[in-house]
Amino acid sequence: MKKKRKVSKTRNIKQIIVYYVTMLSVLLGVVLILLMVVTSLTSTSSVLKDSLQVTARISAQNLSSNLHLLADRMDSLAQEKALSDVSLGNGQKQQVLSEYKQRIEFVWIAAYDLSGQRLYGDGDAPASIVDWSHYPYLQETANLTIGEPENVDGIWQLSIGMPLLDREGSPQAYLIGSYKYDVLNDVLSNINIGAGGMALVVGEEGDIVANKDIAAMEKSENLYDLYGSGRNKKIFDSMLDFQTDSGSVFFNMNQHYIAYSPVAGTNWTLMIAAPGKDFMGILLWSVLISIAVILALQIFARRLIVKVADKISESLAIASKRLSSLSVGDLKEEVLLADSNEEAEVLTTALSKTVGSLASYIDDITAYLGLLSSGDYSGEVTGRFDGDFVAIQEALSSITISLNNTMYRINEASYAVSSNSSETSEYAKKLYDGSTEQTAALERLNSKIAMIMQKIDEIDENASHVKRSADVAEQRVEDGKRQMDDMLVTMDSIHCDMQEIITISQLIEEIASQTGLLALNASIEAARAGEAGKGFAVVAQQISVLSDQTAEALDKTSEIIGKASKSIEQGMRTANETAESFLAIKEAAADFSGISDNMAHITVEQKEAMEMVSDEVGTVLEIADTNQGLAKETDETASLSLKQAEELEQIVSAVKLKNCL
């Protein structure tokens with residue numbers, strides 16, 4: 001299937017000028033817009049972050065100042081001696097608190113014992129502060145503690161605790177005062193950062209303690225739960241590490257610029273956030289206006305460029321038209337001279353001269369090539385060639401001389417080729433016959449090698465079988481020797497035990513002899529004792545009988561032990577002789593295994609050598625086949641060369657040459 005050629009559309013100079021100038025202006029406009037957008041975004045973001053950071057720092061200081069003012073009031077009240085005087089009753093202390101409440105705007109104020117139960121104070125105060133979130137901190141620190149805002153009976157309150165100290169400086173009670181939330185809300189509500197801006201006070205775990213939007217405080221939200229992306233988490237971690245900084249985050253897929261600063265004297269951090277879209281409106285309008293201006297300038301520039309391109313295109317149209325006809329080989333048409341401007345006139349005049357010169361050169365070259373095509377190499381190039389065209393004339397002359405020399409050499413070579421082809425044909429036939437005989441001999445040799453290889457494989461298999469049998473025999477001999485060594489050790493142990501038994505028997509025999517002597521002495525002493533020694537004489541007599549029986553048993557035992565000892569010694573001699581026989585068998589088996597290993601190794605080497613010989617014979621056989629094919633091709637080529645040499649001689653004889661040699 002033929003592929004369709006892609007036809008490219010030709011554009012004139014006007015289209016090219018308009019296209020590239022327009023593209024350049026559009027590219028320049030796009031670059032300027034992008035540069036303006038990037039610069040504006042960067043500068044706006046930087047200025048906004050710096051401004052928010054300053055606002056956050058000042059607002060945090062204001063919050064800290066307000067909290068310190070409340071803390072100072074509580075500290076001043078705690079320093080009242082009447083509240084620490086144990087001699088006064090709770091009613092008198094209640095009166096002191098009532099006087100302070102009239103001067104300071106407390107929601108309620110009360111005193112609590114160390115267990116958190118109310119001692120005295122306003123009736124609106126809670127009966128216990130055990131559930132107050134900062135009660136543990138008040139107990140641990142024994143110092144001023146600020147609680148988190150709470151909504152009690154529809155009123156947002158901020159509680160501050162202060163210990164009442166005795167003369168030794170130990171806490172004797174806790175004074176708790178509750179202020180209205182306005183002390184925080186006044187600062188947060190005065191932070192104006194756009195229509196969708198936020199101002200938050202965040203606790204140490206990310207909980208929102210205070211919010212510019214009081215209605216949102218009812219939700220008890222956490223920053224990590226609301227906006228817990230990976231990027232936001234890093235900024236929140238830095239914020240809760242009591243650092244002052246600014247950054248860019250995304251809240252609900254909307255970009256916000258935030259700044260944060262710690263509130264001194266507390267575990268809180270003030271965070272303010274401004275939506276990016278609230279501050280980018282002006283930038284967007286400026287970008288749109290810039291785009292509109294650039295588009296207007298693009299339209300004006302395009303119209304101006306079209307007019308200029310029309311003038312240039314009209315001036316070059318005449319030359320372009322003539323060049324188009326020249327490109328298809330039209331050298332006869334007259335060139336029209338342009339008079340619209342100087343450059344176009346020079347161009348058309350030069351084009352007219354060029355076309356005339358080309359027509360003359362082509363006529364001369366055509367006439368000369370006609371002679372060459374008819375086989376006449378004796379002519380020369382006529383006519384006048386100017387400038388770089390002189391090289392064409394010289395090249396044609398050189399070609400003529402080269403063709404004459406080449407044809408002379410070809411004529412001489414054709415005779416030599418004809419004679420050489422005859423000799424080559426004879427040599428090729430002899431080479432082909434010899435290659436055929438060599439191939440047959442190699443094939444017979446290859447069959448013999450295959451038979452030898454088969455026998456070597458059988459020998460290799462038998463050698464492997466012998467090797468396996470030798471290995472098994474050697475292993476079994478090794479096992480028998482090891483068992484015989486174990487038996488020798490056992491026999492040796494039995495022999496040692498028999499020697500011990502003999503020693504013990506001798507000891508018993510000596511004891512029996514001594515017992516007999518003692519029995520005799522006892523009988524003598526009993527006879528001397530008379531009636532009093534009769535009972536002892538009976539015992540001595542029994543001991544004597546027992547001694548005689550023991551001696552008799554020992555004699556029989558000694559006889560048995562002697563026979564057993566002789567048998568064991570005979571068994572040990574036999575076992576030693578057997579062990580020596582096993583050792584000799586093991587050495588013979590090892591020699592047999594070595595011989596079988598050597599035979600297997602020799603068989604492998606013979607097999608590898610025969611395989612190498614077989615490969616070499618195969619290679620030689622392939623070479624012989626190749627030589628046979630080459631010899632046949634050489635014979636055919638020589639015959640063809642002889643025929644072509646005869647044809648070449650006929651062709652050269654028909655060419656007319658100059659006598660230039």
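Only heavy atoms go into these numbers, but all of them, side chains included; no hydrogens, no water, no symmetry mates. Worth saying up front: this structure is predicted, and the values here are computed from it rather than measured.
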Query raised in the report: When rounded to the nearest 0.5 angstrom, what is the spacing between OG in Ser238 and OH in Tyr260?
Result: 3.5 Å
Requested in this report: Check whether more than 12 heavy atoms from other residues, nucleotides or ligands sit under 6.0 Å from atom CG of Asp131, and answer yes or no.
Outcome: no
Query - From CD1 (Ile160) to CG (Leu77), nearest 0.5 Å - result: 11.5 Å
Report task. Go through the steps for Val201 and Ile208 under the test side chain to side chain contact (heavy atoms under 4.5 Å, CB included), then give the verdict. Result -> CA-CA 6 Å; Val201 177; Ile208 299 176; over 6 Å; no
Query raised in the report: Would one find more than 12 heavy atoms of other residues, nucleotides or ligands at under 6.0 Å from atom CD of Gln95?
Result: no
**Report entry** Lys180, NZ atom: more than 12 neighbouring heavy atoms under 6.0 Å
**Finding:** no
Query raised in the report: For the residue pair Gly177 and Met74, what are the closest heavy atoms and their distance?
Result: N-CE, 3.6 Å
Requested in this report: Mark yes when over 12 heavy atoms from residues, nucleotides or ligands other than Phe251 sit less than 6.0 Å from its CZ; otherwise mark no.
Outcome: yes
**Report entry** Ser248 and Gln255: CA distance, side-chain angles, deciding distance, side chain to side chain donor-acceptor pair (under 3.5 Å) verdict
**Finding:** CA-CA 7 Å; Ser248 175; Gln255 185 185 22; 2.9 Å; yes
Query raised in the report: Does a donor on one side chain sit under 3.5 Å from an acceptor on the other, for Glu204 and Trp268?
Result: no
Query raised in the report: Between Thr244 and Gln53, does any side-chain donor sit less than 3.5 Å from a side-chain acceptor?
Result: no
Requested in this report: Look at the aromatic rings of Tyr224 and Phe236 and report parallel, tilted or perpendicular, splitting at 30° and 60°.
Outcome: perpendicular
